[in-house]
Every structure is written in structure tokens, then in C-alpha cells.
Amino acid sequence: MTTATSEMRPGQGDVAFQRALYEDGNATRRGLHSARRDWVLGQATACTERGSRVLEIGVGCGVFTEALSQLGRTVAAVDINPAFLDNVKSLDGVATHLKDATEPLGIGEHDLAICSEVLEHVPPARSQAMLQSIFNGLRPGGTLILTTPQRFSTVELMARLFKFPMVLALARKIYGSAEELGHINLLTAGAVRDQIRHAGFTIVGERRFGFYLPVIAEFGGSVGASTLRTIEALLRPLPGLRGLLWTQGWVLRRPD
């Protein structure tokens, strides 16, 4: 998922590449993406109904767009990648907009906004502008479902090592494939919270999820995936250690 000012690695701008993340043969990697998808859709379903107007920032492979269309929501899908928009433009109730979400959108007010795994692709100087743009795209009382990686999560710490060619080559040899994530705006939960409040949102819910340890994840199969989920549950309530979990999820509201 991307915005106009994002930096995408080769393949990340492809619909097939994005969709494959939810079908990964590795149970842990598949679970990292599926857990986020299911949480976002659960929150979106709970706070909308048929006919609700949804603003989706960063369409990606259309996993949210498709589900919302099937549920009878009206979706304004915003992205700067024409391929992502072409993939969803024929869905019922979906209108596509080739726009930079760090600029004013000018497409009306919505009941719900979804911005999942987008903020990390936006240059740091523009992430506050994106949140402000989304705020202005919601009606008073509207809700934003936001997810973005945690800066010091185990996944992101591992991915930073891939910037070293020798490490990347070794990872590809061991795992079969390995790529840099292309994340240029990694924020701690505290930094995101500051930007959220500066934009004018009220925080109504938070979630941290997704734990990864290379050896257990890559060679432990389904047992390894279950083990990591157990560790995740233990880390989640711990203020410092929960920063190791990959995804920070936020439920935000524009005040009435």
C-alpha cells in the first residue's frame, strides 16, 4: 500500500506481490499479515454499516476494498499507483482517486477511514500532513483505523540488516527469498501518538501484534508460529517489551 510520496521496492508496487503476502507458505510470515488484515476488517465492520462511506488510503492489492465492497460499504479508494486502482475500480460501490494523500483530498467527508501499512512509506516530513488530510476527510465523529510498523520491532530490526549486501545474500540463501521492506518512516508508538493528537484525533483504542524470531519462524513451521503467538501474548501487556511486536494498531476518532 502506498501514497504519492512513497518509495516502493521492485515488486512491492505489484498487485500479485501484495496479495502473496497473505498467502505466504511460511505460517509465521503469513500470520503477521493476516492478523493485521483481520484486525483492521474487524474494526471497520464494527463501526460501519451498509451504505457507510469509507475512505481507504493506500489500496495495495485491494484486500480491504474487496471486503468492504462485499459488505455494502461505499469506498473512496485513494492511491498513486494506477495498477492498484485499476485492480479495484470495477468493484461495486468503489470510486478510485489517483491522489497524493499527504495533500488535501477534496473528495468529501466519510464515516470511516482506513490507513493500513502506508505511513511507513511516507517521507518523515510528510506523515503529519497525511494524518491531517485524513482527519479533514472524515465527518465529525468519524473513525480512522490506522496501522503502521513499530520502529524497534524484531521484523524491522532484521530488515535493517538487509541493507548490507552480504547479510541479504545470506538471508536469500537460507530462506529462499528476502527483500528490504522499503520503510522510510518508522515511528515509535509515542511518536505516532504525538502526530495523532496534533492532527486533532482522539484515541479510542490501541493494539500491538505480530512477533517474529528468525530461527523459530523460518524453521519451526506451524509449531513455531504457535510458539511466537504465545510469546506475543506475553509481551503485549508489557510497556517496554511490546515495542518488539511488529504492528501498532490505532482506533481514532475525529471529535464531534
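Since the model is a prediction, treat every value here as computed from it, not as a measurement. Hydrogens, waters and symmetry mates play no part in the numbers below; they use all other heavy atoms, side chains included.
- By the 30° and 60° cut-offs, the orientation of the rings of Trp39 relative to Phe209 is tilted.
- Closest approach of Gln195 to Ser127, counting heavy atoms only: OE1-OG, 2.9 Å.
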Could you walk me through whether Leu144 and Leu138 pass the side chain to side chain contact (heavy atoms under 4.5 Å, CB included) check?
-> CA-CA 8 Å; Leu144 166 61; Leu138 285 168; 4.2 Å; yes
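- Heavy atoms only, all atoms of each residue included: Leu187 and Gln248 are closest at O-NE2, 3.0 Å.
- Both Val54 and Leu98 are assigned to one and the same hydrophobic cluster, defined by single-linkage of ILVMFWY side chains at heavy-atom distances under 4.5 Å.
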Going through the checks in order, is the side chain to side chain contact (heavy atoms under 4.5 Å, CB included) test met by Thr148 and Asn185?
-> CA-CA 10 Å; Thr148 193; Asn185 184 33; over 6 Å; no
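- Using a 3.5 Å distance cut-off with no hydrogens or angles, the side chains of Glu117 and Thr147 do pair a donor with an acceptor.
- Closest of all the heavy-atom pairs between Asp111 and Arg139 is OD1-NE, 2.7 Å.
- Nearest approach of Ala101 to Ile57, heavy atoms of both residues: CB-CG2, 3.6 Å.
- The shortest distance between side-chain heavy atoms of Cys115 and Trp250 does not fall below 4.5 Å.
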Would you check, one step at a time, whether the test side chain to side chain contact (heavy atoms under 4.5 Å, CB included) holds for Ile134 with Leu146?
-> CA-CA 10 Å; Ile134 297 172; Leu146 172 70; 5.9 Å; no
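- Ion pair Arg73/Glu56 not flagged as a salt bridge, since none of the NZ, NE, NH1 or NH2 atoms sits closer than 4.0 Å to an Asp/Glu carboxylate oxygen.
- Both Phe201 and Val192 belong to a common hydrophobic cluster when Ile, Leu, Val, Met, Phe, Trp and Tyr are linked at side-chain heavy-atom distances under 4.5 angstrom.
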Please lay out, stage by stage, how Cys61 and Val15 fare under the test side chain to side chain contact (heavy atoms under 4.5 Å, CB included).
-> CA-CA 5 Å; Cys61 66; Val15 172; 4.1 Å; yes
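- Sequence neighbours left out, the pairs with a member in residues 232-254 that pass salt bridge (Lys or Arg N to Asp or Glu O under 4.0 Å) are Glu232-Arg236.
- Linking ILVMFWY side-chain heavy atoms closer than 4.5 Å, directly or via other members, places Trp246 and Leu235 in two distinct hydrophobic clusters.
- Heavy-atom minimum distance, Phe84 versus Val59: O-CG1, 3.9 Å.
- Between the side chains of Glu218 and Tyr212, a donor-acceptor pair is found at a separation under 3.5 Å.
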